[in-house]
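Step one of this worksheet: look at the structure below.
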Amino acid sequence: MGGSIFEAGMLISFGLAWPASILKSWRSRSAKGKSGVFSMIVILGYICGITHKFLNSRDIVMVFYFINALMVSADLLLWFRNKRLDKLAGGA
């Protein structure tokens with residue numbers, strides 16, 4: 001695993017923030033203050049990390065990339081829901 005321990009630490013640290021973001025998105029029911037483009041860029045970054053791991057150094061760290069990508073994807077889906085709710089609230 002060698003240098004992957006630091007990579008795993010980075011991914012775990014980032015991963016600890018996503019549940020809070022998901023919970024905020026769920027509870028707020030608003031997309032205000034959040035960026036869908038930002039989430040898409042982060043997901044792209046995780047896909048690049050997964051691709052690198054798959055092609056060059058398959059190890060357990062790949063799992064952390066998948067978990068994080070899934071959490072950001074969930075937050076992005078909530079952003080789309082909340083964007084729709086914001087539009088409905090604005091039209092009422």
Side-chain angles (χ1 to χ4, degrees):
M1 197 149 145
S4 291
I5 191 78
F6 296 108
E7 184 180 12
M10 184 247 340
L11 289 165
I12 290 168
S13 297
F14 287 174
L16 291 174
W18 291 119
S21 183
I22 292 167
L23 188 59
K24 180 183 176 189
S25 294
W26 180 259
R27 287 182 176 166
S28 73
R29 300 179 63 83
S30 175
K32 293 179 179 134
K34 292 213 142 186
S35 169
V37 173
F38 173 79
S39 295
M40 289 180 220
I41 292 168
V42 172
I43 292 167
L44 177 62
Y46 286 135
I47 290 169
C48 288
I50 291 166
T51 302
H52 168 75
K53 284 298 197 184
F54 184 77
L55 296 175
N56 298 303
S57 59
R58 294 180 199 172
D59 59 24
I60 192 69
V61 176
M62 189 186 297
V63 172
F64 297 117
Y65 279 105
F66 277 112
I67 292 169
N68 284 0
L70 287 174
M71 287 191 289
V72 179
S73 296
D75 200 33
L76 181 61
L77 289 174
L78 287 170
W79 180 83
F80 280 112
R81 176 201 74 163
N82 291 345
K83 194 81 167 156
R84 183 178 52 81
L85 291 174
D86 287 343
K87 188 174 181 180
L88 290 172

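Counting from 1, the numbers follow the sequence of the chain as shown. Because the structure is a prediction, the values reported are computed rather than measured.
Contact detail for Ser28 and Asn82: the closest heavy-atom pair is OG-ND2, 4.2 Å. Between Val61 and Ala8, the shortest heavy-atom distance links the atoms CG2-CB, 3.9 Å. Of all heavy-atom pairs spanning Arg29 and Leu85, the tightest one is NH2-CD1, 3.6 Å. Ala69 and Ile43 make their closest contact through O-CG1, 4.5 Å (heavy atoms, listed as atom of the first residue, atom of the second, distance).
Side chains of Ser39 and Lys34: a donor-acceptor N/O pair is absent below 3.5 angstrom, by distance only.
Distance check, rounded to the nearest 0.5 Å: CG of Leu16 to CE of Met71 gives 7.5 Å. Here the CG atom belonging to Leu78 is positioned 11.0 Å from the OG atom belonging to Ser73, to the nearest 0.5 angstrom. Here Lys83 contributes atom NZ and Leu88 contributes atom CG; the two are 12.5 Å apart, rounded to the nearest 0.5 Å. The line from CH2 of Trp79 to OG of Ser21 is 13.0 Å long, rounded to the nearest 0.5 Å. Rounding to the nearest 0.5 Å places CG of Leu11 at 12.0 Å from CZ of Phe66.
Judged by distance alone, the side chain of Asp75 and the main-chain N or O of Ser25 form no donor-acceptor pair under 3.5 Å.
The cluster map of Ile, Leu, Val, Met, Phe, Trp and Tyr, joined by side-chain heavy atoms under 4.5 Å apart, puts Val63 and Ile12 in the same cluster. Residue Ile60 is not grouped with residue Leu70 when hydrophobic side chains (ILVMFWY) are merged at heavy-atom distances under 4.5 angstrom, including chains of intermediate members. One hydrophobic cluster, built from ILVMFWY side chains closer than 4.5 Å, cannot hold both Met40 and Leu77; they sit in different ones. Hydrophobic clustering keeps Phe14 apart from Leu44 (ILVMFWY residues linked when any side-chain heavy atoms are closer than 4.5 Å, directly or through intermediates).
Val37 belongs to a hydrophobic cluster whose other members, connected by ILVMFWY side-chain contacts under 4.5 Å either directly or through intermediates, are Ile41.
Listed by chain and number, the residues in a side chain to side chain contact (heavy atoms under 4.5 Å, CB included) with Leu23 are Arg27 (sequence neighbours excluded). Under the salt bridge (Lys or Arg N to Asp or Glu O under 4.0 Å) criterion, Lys53 pairs with Glu7, Asp59, sequence neighbours left out.
Under the 4.5 Å side-chain criterion, counting only non-hydrogen atoms from C-beta, Val42 is in contact with Tyr46. Between Ser57 and His52 the shortest side-chain heavy-atom distance falls below 4.5 Å.
Taking the six-membered ring where tryptophan is involved, the planes of Phe38 and Trp18 are tilted, since the angle between them lies from 30° to 60°.
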